[in-house]
Amino acid sequence: MNKSNLYIILLAVLASVFTACGEINSDEKEQEATELAGVAEAEENMVHLSELKFNSLGMKLDTLSLRFLSESVEANGQLEVPPQHEASVTAVLGGNIGSIEVIEGDQVSKNQTIAFLSHPNLTKVQTEYVRLYQRMLYLDHEFKRQARLYDEKVGSGQTYQQTKAEYESVKAEVKGYEAQLNQLNLDVEQIQDGDIYSSVPVVSPIDGYIEKVQIQIGQYVDPQTIMFEIVDNEHVHADLMVFEKDVHKVKRGQSISFTVQSVPDQVLKATIYSVGKQFEQNPSAVHVHAEIDQKESFLIPGMYINGTIHTSETKAFALPENAIVEDEGKTYLFTAEQQEENGNTEWSFTPVEIMTGIEEDGWVEVKLLEPLPDGARVAWNNAYYLISEMKKSQTSDDD
């Protein structure tokens, strides 16, 4: 091989070597540039807080931990009382209102007198009863005497039978009057002794509270007139309407969290004891009845309620809802790191994109797209403030 050919071959080898080295350096530079761009982007998204600012915001930090969360069904309804614990009080005998012994809101016990009625017929009923009662006593004595004479074959059988028939007839009338007087809540034995009542006591049929007073002094009331409405709030329960699409998720024994409109900040608990078997129409929904765990004094039948029925439970990563923020269609939490700058403490917060799941009582399930570093601390509040500061910083850099 001559020298010229040898030089050509050597030049070709050197050229290929230099080209390869150039490509390697180019790849390294491109990779380095990509890494630097990533670092720059991460630094751009960070939010830096001084120790003073951190404390003034009341920042709360902790690791992302597991928590039991319940899937739920939202339902609305109202507070109700079973029909056996509500009462409408009417008069057994028509009459004029002589006095009213209670006002709305008063607590009453069963058989407590709540009003008095008067009517001319009242005296007539009592005097007629006394007359018949005395007649019955006489006939009872005469019937026993005739029975003894008849047994001794001294008395007439016809007289005995007539006395017996009259006694039984008067006795039945007396029993009828006694039933009527008992309905009027009058003491029969006192009337037998000649003490005639001038007014009739109206009594409460149940323990409870006076919900409505619908009469006035001097008013005449018929036997069908409703005078008082009484309700026993001790038996108030939550009555919720569950839509058809959710009925299959609801069953007896599940817990409910609910609030009433008048006290929206207080969350109350209840447990389902009955699920309706018939759909109401427009909308198609069933009644769900729940016993309230701790009845508060402000709970009144008819109050509108908003409820959440906890249908199933799962263990998942979760954060308070104040620790999660949504921005431009994406959801974030913030990791936190402590740094020292020239002897001063500084906190840096980095957004981490996540997905969310179950929400319950102010907690939100967190679904990580990538694992967090071991022991990573997470901001448990002020996520909205942090995302706002990050966007301000980005806008400032663009300017």
Side-chain angles (χ1 to χ4, degrees), residues 45-49 53-77 238 240 242-243 245-246 249-250 254-270 290 293-294 304-338 347-373 375-394:
N45 289 338
M46 280 188 181
V47 178
H48 299 277
L49 299 180
K53 189 68 173 178
F54 180 92
N55 292 331
S56 66
L57 289 171
M59 294 299 303
K60 298 177 182 178
L61 306 180
D62 206 335
T63 56
L64 185 61
S65 57
L66 292 169
R67 182 182 179 88
F68 283 104
L69 295 175
S70 299
E71 294 189 31
S72 61
V73 170
E74 299 298 320
N76 299 323
L240 298 168
V242 176
F243 293 113
K245 65 182 180 66
D246 294 321
K249 304 176 185 177
V250 177
Q254 290 174 339
S255 63
I256 295 176
S257 303
F258 72 93
T259 59
V260 297
Q261 285 189 329
S262 58
V263 192
D265 296 331
Q266 185 165 349
V267 179
L268 302 168
K269 302 292 184 180
D293 295 348
Q294 184 175 351
Y304 185 79
I305 60 176
N306 298 309
T308 301
I309 303 172
H310 307 288
T311 57
S312 63
E313 193 171 60
T314 185
K315 195 173 185 180
F317 287 115
L319 284 173
E321 56 187 13
N322 198 21
I324 296 171
V325 65
E326 186 174 340
D327 181 62
E328 296 182 357
K330 295 182 180 181
T331 307
Y332 300 93
L333 59 75
F334 283 85
T335 57
E337 291 185 8
Q338 187 178 19
W347 293 89
S348 61
F349 295 86
T350 305
V352 176
E353 186 180 354
I354 59 170
M355 303 289 286
T356 58
I358 301 170
E359 298 184 16
E360 180 192 16
D361 294 338
W363 291 82
V364 181
E365 179 184 2
V366 173
K367 299 178 180 180
L368 295 171
L369 303 182
E370 294 183 6
L372 294 178
R377 287 187 290 182
V378 175
W380 278 43
N381 61 347
N382 291 319
Y384 182 80
Y385 174 83
L386 294 174
I387 199 77
S388 299
E389 289 299 304
M390 184 185 80
K391 294 178 79 67
K392 285 181 185 178
S393 175
Q394 291 173 348

So do the side chains of [X] and [Y] get within less than 4.5 Å of each other, counting heavy atoms only?
X	Y	answer
Asp327	Lys391	yes
Tyr332	Leu386	no
Trp363	Ile358	no
Phe317	Leu372	no
Arg67	Glu360	no
Val352	Val378	no
Met59	Asn381	yes
Trp380	Leu319	yes

What are the two closest heavy atoms between [X] and [Y], and how far apart are they?
X	Y	answer
Leu57	Asn382	O-ND2, 3.1 Å
Gly307	Glu74	O-OE1, 3.4 Å
Ile305	Ala238	CD1-CB, 3.8 Å
Gln254	Lys249	NE2-O, 3.0 Å
Ala323	Ala379	CB-O, 3.3 Å

Query raised in the report: Does a donor on one side chain sit under 3.5 Å from an acceptor on the other, for Lys269 and Ser257?
Result: yes

Query - Working for side chain to side chain contact (heavy atoms under 4.5 Å, CB included), residues Ile387 and Phe334 - result: CA-CA 9 Å; Ile387 199 77; Phe334 283 85; 4.0 Å; yes

Requested in this report: Taking atom CD of Glu370 as the centre, report whether more than 12 heavy atoms of other residues, nucleotides or ligands fall under 6.0 Å from it.
Outcome: no

Report task. Any chance you could lay out the side chain to side chain contact (heavy atoms under 4.5 Å, CB included) test for Glu389 and Phe349, step after step, and finish with the verdict? Result -> CA-CA 10 Å; Glu389 289 299 304; Phe349 295 86; over 6 Å; no

